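Bear in mind the structure is a predicted one, so any value in this text is a computation, not a measurement.
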Amino acid sequence: QVQLAESGGGLVQPGGSLRLSCAASGIIVSTAGMRWYRQAPGKPREWVALITPGGSTHYADSVKDRFTISRDNAKNTVDLQMNSLKPEDTANYYCNNLGWWGQGTQVTVSS
């Protein structure tokens with residue numbers, strides 16, 4: 001019953017911004033620990049951000065102070081605001097809850 005669908009990826013220049021969204025069905029986002037991961041070609045999947053049921057947020061050192069995870073309870077979505085993007089942020093970004101994953105959305109940071 002659980003489905004996660006990411007959207008919002010695209011091509012941006014270094015220093016630019018993107019906002020990703022994860023639409024969830026079968027779970028209530030406000031009661032779940034929701035995570036964003038990313039994976040670049042040839043590299044292992046990397047945890048990026050977490051928002052807990054209580055609303056606290058946690059970030060990988062590589063994105064701290066640049067990315068912000070949030071949720072919209074009315075829309076049942078989890079968002080990832082990405083600012084000051086760097087080429088090394090280029091990856092497929094995935095929304096996750098426990099064993100459930102979305103299909104990912106591609107983010108490419110290039111000049």
Are Leu18 and Leu11 linked, directly or through intermediate hydrophobic residues, by side-chain heavy-atom contacts shorter than 4.5 Å (ILVMFWY only)?
no

Run the side chain to side chain contact (heavy atoms under 4.5 Å, CB included) test on Gln106 and Thr90 for me, step by step, so that the C-alpha distance in whole Å, both residues' side-chain angles and the decisive distance to 0.1 Å come before the verdict.
CA-CA 8 Å; Gln106 180 66 39; Thr90 296; 4.0 Å; yes

Are any side-chain N or O atoms of Arg66 and backbone N or O atoms of Ser84, one a donor and one an acceptor, separated by less than 3.5 Å?
yes

Measure the shortest side-chain to side-chain distance between Asn97 and Val2 over non-hydrogen atoms and say whether it is less than 4.5 angstrom.
no

Answer yes or no: are there more than 12 heavy-atom neighbours, outside Gln103 itself, under 6.0 Å from its atom CD?
no

Does some side-chain heavy atom of Asn96 sit less than 4.5 Å from a side-chain heavy atom of Trp36?
no

Looking at Asp89 and Lys86, is any side-chain nitrogen of the basic one under 4.0 Å from a carboxylate oxygen of the acidic one?
no

Can you tell if the side chain of Leu4 reaches within under 4.5 Å of the side chain of Tyr94, non-hydrogen atoms only?
no

Is Thr105 reaching over with its side chain to a backbone N or O of Gly9, donor-acceptor style, under 3.5 angstrom?
yes

I need the minimum non-hydrogen distance between Ala91 and Ala40, along with the two atoms involved.
CB-N, 3.9 Å

Let me check something: do Leu50 and Val29 share a hydrophobic cluster, defined by ILVMFWY side-chain heavy atoms less than 4.5 Å apart, either directly or through other members?
no

If the condition is side chain to side chain donor-acceptor pair (under 3.5 Å), which residues does Arg19 pass it with, not counting sequence neighbours?
Asp79, Gln81

Do the non-hydrogen side-chain atoms of Pro87 and Ser110 ever get within less than 4.5 Å of each other?
no

Should Ile69 and Arg35 count as side-chain neighbours, where that means a heavy-atom distance under 4.5 Å?
no

Among the clusters formed by ILVMFWY side chains lying less than 4.5 Å apart, do Leu80 and Leu85 turn up in the same one?
yes

Side chains of Cys95 and Met34 in contact at under 4.5 Å (non-hydrogen atoms):
yes

Applying ring-ring contact (aromatic ring centres under 6.0 Å, His included) to Trp100 and not counting sequence neighbours gives none

Would you call the rings of Phe67 and Tyr93 parallel, tilted or perpendicular if under 30° counts as parallel and over 60° as perpendicular?
tilted

Go through the steps for Gln1 and Ser25 under the test side chain to side chain contact (heavy atoms under 4.5 Å, CB included), then give the verdict.
CA-CA 7 Å; Gln1 292 184 11; Ser25 62; over 6 Å; no

For Ser111 and Pro14, which heavy atoms make the closest approach, and how far apart are they?
N-CD, 3.7 Å

Verify same cluster id: Val107, Val48 (apolar side-chain graph, 4.5 Å):
yes

To the closest 0.5 Å, what do you measure between OG (Ser62) and CD (Glu88)?
9.0 Å

Intermediate values then yes/no, side-chain hydrogen bond (donor to acceptor under 3.5 Å, both in side chains), Thr77 and Asp72:
CA-CA 5 Å; Thr77 62; Asp72 187 327; 5.0 Å; no

Determine, step by step, whether Met82 and Val63 satisfy the side chain to side chain contact (heavy atoms under 4.5 Å, CB included) criterion, reporting the C-alpha distance in whole Å, the side-chain angles of both residues, the deciding distance to 0.1 Å, and the verdict.
CA-CA 9 Å; Met82 305 184 295; Val63 307; over 6 Å; no

Is the backbone of Asp65 close enough, under 3.5 Å, to the side chain of Asn83 for a donor and an acceptor to pair up by distance?
no

Residue pair His58, Ser56: steps toward the side chain to side chain contact (heavy atoms under 4.5 Å, CB included) verdict:
CA-CA 7 Å; His58 308 266; Ser56 63; 3.4 Å; yes

Non-hydrogen side-chain atoms of Asn76 and Arg71 separated by less than 4.5 Å:
no

Student check: side-chain heavy atoms of Glu6 and Trp101 closer than 4.5 Å:
no

